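The structure presented is a predicted model; accordingly, all values stated were derived computationally and were not measured. Any value given below was found using the heavy atoms of this structure, including those in side chains, with hydrogens, waters and symmetry copies removed.
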Amino acid sequence: MQGLITAAAIVGGVGLIIGILLGLAAKVFEVEVDERELIVRDLLPGNNCGGCGYPGCDGLAKAIAAGEAPVSGCPVASAEIHAKIGEVMGTEAIESERNVAFVKCNGTCDKTNVKYHYTGTPDCKKISTVPGNGEKTCIYGCMGYGSCVRACAFDAIHVVNGIAVVDKEKCVACGKCITACPNDLIEFVPVSSTCKVQCNSKDKGKDVNAACSVGCIGCMMCVKVCESDAVTVTNNLAHIDYSKCTHCGKCAEKCPRKIITIA
């Protein structure tokens, strides 16, 4: 009996000592969490899309609480949510113009030529490694196999008549479609931008004509007609500086291939 009491006392004493040590360790190694970070995290939508440039909503909440990211840093959250985060951080949410994804290709099935018929796995990145870069004669345009569609968590992009098309109302500018496109033909543009170049070809006019009926031939007509110096041609391809564009539409009217669209 005496032995049992001694053993129980020893076990109880050891347990008490371990408990005290664990309590002290918890205090010593405790990581303080900014309470504002937790509140901001609860306000964020939780999409974890990475469109803010941080590793998910946890990363953005931590950056906002630390003053390293703006309170309006979440591209998915509404202006109302940004304002609430601003209240938590004691600052005003400054809204900048929303960006949306834009596909620089108008080579639909009826406008671009085809070299062969592909029957393998419908994945743009895999097909980009195949000689010839897919079925279409133009190696710069949209392949139309929907890798960007599958990457979009917001149902904002779909393949229509052989090319990807973005729904501006649903796009939150997370950038997943841009990463998914092996031809780098998706870019962000201000949502208010009207004149946009729907081509990504860098070939000379003769080769463009052989591949697609709506490709840019680098004729410079758009540059000559633009009064705000917003249009340039580099590598046989027209580019628009949206910060200079006045939305007059003259470049679109003058473009002989109608690859500058107004929408």
Side-chain angles (χ1 to χ4, degrees), residues 100-149 151 157-166 175 177-189 193-226 229-242 244-245 249-263:
V100 293
F102 169 68
V103 182
K104 298 179 289 182
C105 180
N106 196 28
T108 52
C109 295
D110 55 316
K111 295 172 183 172
T112 187
N113 298 323
V114 175
K115 298 188 291 281
Y116 56 85
H117 291 290
Y118 176 79
T119 57
T121 304
D123 181 279
C124 298
K125 286 198 172 181
K126 289 183 179 178
I127 297 170
S128 68
T129 64
V130 174
N133 203 43
E135 298 169 294
K136 296 179 179 177
T137 305
C138 177
I139 62 173
Y140 304 96
C142 180
M143 299 178 188
Y145 294 108
S147 290
C148 53
V149 176
I157 187 166
H158 296 92
V159 173
V160 180
N161 196 15
I163 61 169
V165 179
V166 176
C177 58
I178 294 176
T179 304
C181 178
N183 278 356
D184 297 325
L185 58 81
I186 305 178
E187 65 178 7
F188 285 139
V189 299
S193 59
T194 52
C195 297
K196 295 184 284 289
V197 180
Q198 283 194 289
C199 185
N200 191 45
S201 175
K202 283 83 174 176
D203 282 343
K204 293 183 178 179
K206 180 182 177 182
D207 295 326
V208 172
N209 282 329
C212 179
S213 64
V214 289
C216 179
I217 55 176
C219 67
M220 303 289 288
M221 296 296 287
C222 51
V223 176
K224 295 173 183 174
V225 76
C226 181
D229 195 29
V231 187
T232 56
V233 171
T234 305
N235 294 328
N236 307 306
L237 180 63
H239 300 271
I240 294 177
D241 184 338
Y242 298 106
K244 295 181 179 178
C245 180
K250 291 182 179 178
C251 56
E253 293 174 7
K254 200 69 176 178
C255 177
R257 304 300 297 270
K258 303 303 178 187
I259 56 104
I260 300 181
T261 58
I262 303 177

Can any side-chain N or O of Thr112 pair as donor or acceptor with the backbone N or O of Ala211 at less than 3.5 Å? yes
Give the minimum heavy-atom separation between Cys142 and Ile163, together with the two atoms involved. SG-CA, 3.6 Å
Working note: Asp203 + Asn236, criterion side-chain contact (heavy atoms from CB on, under 4.5 Å); need CA distance, chi angles, decisive distance, verdict. CA-CA 6 Å; Asp203 282 343; Asn236 307 306; 5.9 Å; no
Rounded to the nearest 0.5 Å, how far does NE2 of His239 lie from NZ of Lys104? 7.0 Å
Do other residues, nucleotides or ligands put more than 12 heavy atoms under 6.0 Å from the NZ atom of Lys115? yes
What closest approach, in Å, do Leu237 and Cys199 show between heavy atoms, and which atom pair accounts for it? CD1-O, 3.5 Å
Asn183 side-chain N/O to Gly141 backbone N/O, donor-acceptor pair under 3.5 Å: yes
On a heavy-atom basis, which atom in Cys181 and which in Ile186 lie closest, and how many Å separate them? CB-CD1, 4.0 Å
Rounded distance [0.5 Å steps], SG in Cys219 versus CZ in Arg257: 9.0 Å
Counting only heavy atoms not in Lys250 (residues, nucleotides, ligands), do more than 12 fall under 6.0 Å from its NZ? no
If you round to the nearest 0.5 Å, how far is CD of Glu253 from SG of Cys222? 13.0 Å
Donor-acceptor check, side chain of Thr137 to backbone of Asn113, threshold 3.5 angstrom: yes or no? yes
Is there a donor-acceptor contact under 3.5 Å from the side chain of Ser147 to the main chain of Cys124? yes
When you look at NZ of Lys258, are more than 12 heavy atoms from neighbouring residues, nucleotides or ligands closer to it than 6.0 Å? yes
Look at the side chain of Asn133 and the backbone N and O of Ile139, then say whether any donor-acceptor pair between them is shorter than 3.5 Å. yes
Nearest heavy-atom pair of His117 and Glu135: which atoms, and what distance? CA-OE2, 3.3 Å
Just checking Asp110: does its CG atom have more than 12 heavy atoms from other residues, nucleotides or ligands closer to it than 6.0 angstrom? yes
Counting N and O atoms only, with roles assigned by atom type, does the side chain of Lys202 sit under 3.5 Å from a partner on the main chain of Asn200, one being a donor and the other an acceptor? yes
For the residue pair Val159 and Gly144, what are the closest heavy atoms and their distance? CG1-O, 3.6 Å
Kindly say whether Ile262 contributes a backbone atom to a donor-acceptor pair with the side chain of Thr194 at under 3.5 angstrom? no
If you measure from OG on Ser201 to CG on Leu185, what distance do you get to the nearest 0.5 Å? 11.5 Å
d(Cys177 SG, Ile157 CD1) to nearest 0.5 Å is 4.5 Å
Go through it in stages, so that I can follow the logic: the residues are Val100 and Val189, the test is side-chain contact (heavy atoms from CB on, under 4.5 Å), and I'd like the CA-CA distance, side-chain angles, deciding distance and then a yes or no. CA-CA 6 Å; Val100 293; Val189 299; 4.0 Å; yes
Find out whether Met143 and Pro182 are in side-chain contact, i.e. whether some heavy atom of one side chain is under 4.5 Å from a heavy atom of the other. yes
Indicate the atoms forming the closest heavy-atom contact of Val197 with Ile260, along with that distance. CG2-CG1, 4.1 Å
Is there a donor-acceptor contact under 3.5 Å from the side chain of Tyr116 to the main chain of Lys136? no
